[in-house]
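Nothing fancy with the numbering, it's 1 onward along the sequence. What you see below is based on every heavy atom in this structure, not just the backbone, and it leaves out hydrogens, waters and symmetry mates. Whatever order the structure lists them in is the order used to number ligands and atoms, beginning at 1.
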Amino acid sequence: MSILSSKNILLGISAGIAAYKTASLVRAFIKAGANVKVVMTPASKDFVTPLTLSTLSKNPVHSTFYNEDDENAEWNNHVELGLWADYLIIAPATANTLSKMANGTCDNLLLATYLSAKCPVYFAPAMDLDMYKHPSTKNTFTTLQSFGNIMIPATSGELASGLVGQGRLAEPEDIVTFIENDILGKLPLKGKTILITAGPTHEALDPVRFIGNHSSGKMGFEIAKASASLGANVILITGPTNQQVNHSLIQVVPVVSAQNMYDAAHTYYKNVDVAILSAAVADYKPKEISNKKIKKSDTTFVLELEKTKDILASLGEVKQKQLLVGFALETNNELEYAKGKLKKKNLDLIVLNSLKDKGAGFKSDTNKVTIIDKEFNIKAYELKSKAEVAKDILREVINKLDA
Ligand code: CTP
């Protein structure tokens with residue numbers, strides 16, 4: 001999955017011959033999982049049709065503030081479009097449109113949207129060689145970059161005029177890759193590797209039965225997704241769950257038992273920067289595993305259990321540079337027990353859930369947590385979706401990594 005997945009991309013098209021490439025560009029953004037809307041300058045419609053772009057983007061395409069032919073026309077709200085966008089990409093960006101952007105001119109919907117957008121703005125120039133090299137154009141590039149806009153440089157090659165040199169719009173796939181890399185490079189967990197454990201473990205009794213628990217794995221999967229969207233490489237060691245994830249930065253390592261999870265965690269731990277253990281690991285497992293299905297016989301059946309290894313505590317023992325985060329699920333004396341686990345297991349942070357709190361715990365989509373650090377600073381959070389809780393946890397992780 002691309003870092004652009006689920007992101008809102010507003011593509012602004014200005015009137016250059018390279019506008020014909022925007023059909024492929026819209027497709028490339030859609031392929032990356034983004035939501036795409038298109039705003040065109042009126043003149044760009046001579047080079048590519050709104051119908052093509054609305055069909056590919058699955059959204060209406062706007063080029064004017066309102067449709068003059070329709071007396072019931074609605075105002076195309078540039079402020080709303082600007083606020084909708086996570087990223088505004090102007091491609092192709094002509095010398096004319098770029099110059100107007102640099103000077104705050106606002107004589108069409110695209111320029112009004114540019115002026116009201118608060119999101120990162122990328123511009124991909126496309127123009128003839130001599131226009132590209134002109135000092136005025138160079139000034140424009142510098143001015144726009146001084147505003148924080150990001151330039152996707154034109155490439156060299158044969159231009160529509162027949163001249164050969166710099167001025168060709170970057171290829172659609174390269175524009176997408178450029179933006180993905182730029183976003184990734186600025187993310188706070190870029191270059192960090194995070195190990196996450198999630199879900200329950202299943203402890204076999206015989207070939208058809210196991211002891212398990214109700215953990216859905218949702219909390220761990222949300223932490224994995226949030227980590228990846230902040231740029232981390234994620235190793236997600238998960239017990240059996242129905243959760244699914246598909247992201248280029250997330251490597252899923254499926255396991256079944258506590259022992260499998262222990263082995264996988266130790267295999268990867270040496271090379272990670274952060275480990276967050278959210279799995280609901282079985283504390284006990286059957287002492288004997290029958291290799292044949294156990295037949296029913298007597299009215300009672302006694303099962304002998306033995307302790308599993310505590311994965312979190314074992315990682316705490318061999319901890320070097322890693323930031324180690326554990327969870328604590330408690331029903332009473334919550335803070336005291338959580339602080340005890342933090343110290344005993346040599347953790348940097350512990351995330352406490354109390355089963356007393358409504359909406360917290362195993363199966364729900366929400367959670368209410370308190371995060372405690374090594375110095376026993378305590379932060380209590382409201383009831384939130386697990387996706388939001390994941391962000392809170394990672395904010396604390398980033399604070400600790402930066403400290
Ligand atoms: N944990 C683990 N391996 C185990 C048991 C627990 O890694 N065999 C981890 C969990 O992933 C969680 C933390 O330890 O991050 C705390 O789990 P919890 O069940 O609250 O506590 P326990 O240490 O098992 O203690 P108790 O059940 O007695 O409260």
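- Counting the atoms of ligand 1 from 1 in the order shown, those under 4.0 Å from a heavy atom of Thr308 are 8 (N).
- Summarising the geometry of Ile13 relative to Pro92, their closest heavy-atom pair is CG2-CD, 3.9 Å, with the distance given to 0.1 Å.
- Nearest heavy-atom pair, Leu169 versus Ala18, reported as atom, atom and distance to 0.1 Å: CB-CB, 3.7 Å.
- Ring planes of Tyr122 and Phe178: perpendicular class, angle over 60° (limits at 30 and 60°).
- In this structure, of Lys341, Lys309, Lys344, the residue bringing a heavy atom nearest to atom 8 (N) of ligand 1 is Lys309.
- Note that atom 29 (O) of ligand 1 has protein non-hydrogen atoms nearby, at separations under 4.0 angstrom.
- For atom 27 (O) of ligand 1, the nearest non-hydrogen atom of the protein is Asp283 OD2, 3.3 Å.
- Each of the following atoms of ligand 1 lies closer than 4.0 Å to a heavy atom of Ala279: 10 (C), 11 (O).
- Contacts between Asp310 and ligand 1 below 4.0 angstrom, taking non-hydrogen atoms only, involve backbone and side chain alike.
- Under a 4.0 Å criterion applied to the non-hydrogen atoms of Gly326, ligand 1 contributes the atoms 15 (O).
- Applying the 4.0 Å criterion to heavy atoms of Lys345 picks out, from ligand 1, the atoms 13 (C), 14 (O), 16 (C), 22 (P), 23 (O).
- Within the listing of ligand 1, atoms 20 (O) sit less than 4.0 angstrom from a heavy atom of Ala328.
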